Amino acid sequence: MSGPRFPAGYELRPGRPEDAAAIQELERDADRRFNALLGPDWERGWEPSGREELAEAAAAGEIFVVLPPLGPLCGYLWLAELEGQGHIEELAVTRAEGRRGLGGLLVATAEAWAGRRGARALTLTTFSEVPWNGPWYARLGFAAFEPAPGSRLAGLLAEERARFAAPRQAMRKRLES
């Protein structure tokens, strides 16, 4: 897959169904950074994505993973088509590999993926006030917006606003055609 260039020794590859357990561990690790900022109850009843759901998404070509020079998976990206646009379902990087630019490279991967499918925008939902969420995506060109009432994205955002103890928002980045 052509696209963003990852640092030497790091590999981006399509996810595989057998990566599901490692992705769950990666999610657990990455989400621990929320505890210090939002408290232990930042998500009511949180569980990492289900193995079966992750395996299905990987088999459908919707997941990309990052492998470091040594060790287990250190980042992943889960993409979907949502109402004709590209949508980032999940993006996570382990705490140990954070702040190396991997997240930005995964966003660039998402943009390329969506662009190849003819999408004119890339959407996501995220915490609005967490520095490495809403403000970080804004620096990458995303803007907060309210999805159209009755849309799938509006429904997803409503579910997340009910589930999370911190403010959530939808964001969108227009893609060049």
Side-chain angles (χ1 to χ4, degrees), residues 1-37 43 46-82 84-127 130-142 156 171-177:
M1 173 182 144
S2 66
R5 296 180 65 86
F6 281 74
Y10 287 79
E11 175 190 351
L12 174 72
R13 68 161 167 80
R16 301 174 185 145
E18 58 269 21
D19 292 328
I23 291 171
Q24 285 182 313
E25 288 306 310
L26 190 159
E27 277 189 28
R28 283 185 187 97
D29 177 80
D31 285 348
R32 284 188 189 105
R33 72 175 61 117
F34 291 109
N35 293 347
L37 186 65
E43 185 178 31
W46 177 85
E47 290 293 326
S49 302
R51 282 188 191 179
E52 188 172 307
E53 187 179 25
L54 288 166
E56 288 173 10
E62 298 172 346
I63 290 183
F64 294 91
V65 297
V66 179
L67 294 101
L70 299 171
L73 301 179
C74 66
Y76 97 103
L77 171 66
W78 183 353
L79 299 163
E81 182 278 323
L82 187 64
Q85 305 307 316
H87 181 75
I88 297 175
E89 289 280 341
E90 185 73 43
L91 186 154
V93 175
T94 62
R95 292 174 294 155
E97 297 291 336
R99 305 195 60 84
R100 297 176 196 254
L102 299 175
L105 291 167
L106 286 169
V107 169
T109 300
E111 292 172 13
W113 182 90
R116 284 192 303 275
R117 284 159 178 71
R120 299 176 105 155
L122 184 61
T123 62
L124 57 90
T125 58
T126 192
F127 290 112
V130 174
W132 60 87
N133 279 192
W136 180 76
Y137 284 111
R139 287 191 302 274
L140 295 176
F142 287 82
L156 175 65
M171 298 186 84
R172 173 177 52 212
K173 181 175 183 177
R174 302 255 182 229
L175 302 175
E176 295 183 22
S177 30

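Quick caveat: nothing in here was measured; it's all calculated off a predicted structure.
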Can you tell me how far the CH2 atom of Trp113 sits from the CG atom of Leu106, to the nearest 0.5 Å? 14.0 Å

Just verifying a value: how many Å separate Glu27 CD and Trp78 CH2, rounded to the nearest 0.5 Å? 7.5 Å

Once you round to the nearest 0.5 Å, how far does CG of Leu175 lie from CG of Leu122? 6.0 Å

Residue pair Met171 / Ala138: nearest heavy atoms and the distance that separates them: CE-N, 3.9 Å

Does any part of the side chain of Arg13, heavy atoms only, come nearer than 4.5 Å to the side chain of Asp19, both counted from C-beta? yes

Do Tyr137 and Lys173 have side chains that approach each other closer than 4.5 Å (heavy atoms only, starting at C-beta)? no

Counting C-beta onward and ignoring hydrogens, is there a side-chain heavy-atom pair between Ile88 and Leu79 closer than 4.5 Å? yes

If you define the side chain from C-beta out and look only at heavy atoms, does anything of Arg117 sit under 4.5 Å from Glu81? no

Quick one, His87 and Leu156 - any side-chain contact, counting heavy atoms below 4.5 Å? yes

For Arg174, I'd like to know if atom CZ has over 12 heavy atoms of other residues, nucleotides or ligands within 6.0 Å. no

Would Glu90 and Ser49 count as a side chain to side chain donor-acceptor pair (under 3.5 Å) if you check the C-alpha gap in whole Å, the side-chain angles of each, and the deciding distance to 0.1 Å? CA-CA 9 Å; Glu90 185 73 43; Ser49 302; 5.1 Å; no

Drop me the distance from Gln85's CD to Arg172's CZ, to the nearest 0.5 angstrom. 8.0 Å

Shortest non-hydrogen contact from Cys74 to Tyr10? SG-CE2, 4.1 Å

With rounding to the nearest 0.5 angstrom, report the CG to CG distance, Leu73 to Leu26. 6.5 Å

Matching residue for Val107 among Leu77, Leu102, Leu124, Leu91 - test: side-chain contact (heavy atoms from CB on, under 4.5 Å): Leu91

So which heavy atom on Ala92 is nearest to which on Ala30, and how close? CB-CB, 3.9 Å

Would you check if Val93 and Val66 make a side-chain contact, meaning some heavy-atom pair closer than 4.5 Å? no

d(Leu82 CG, Thr123 OG1) to nearest 0.5 Å is 5.5 Å

Gly86 and Ala114 have their tightest heavy-atom pair at CA-CB, 3.9 Å

Got more than 12 heavy atoms from elsewhere within 6.0 Å of CD, Glu52? no

Indicate the atoms forming the closest heavy-atom contact of Pro17 with Ala59, along with that distance. CG-CB, 4.0 Å

Please examine the side chains of Leu105 and Leu12, heavy atoms only from C-beta on, and report whether any two atoms are closer than 4.5 Å. no

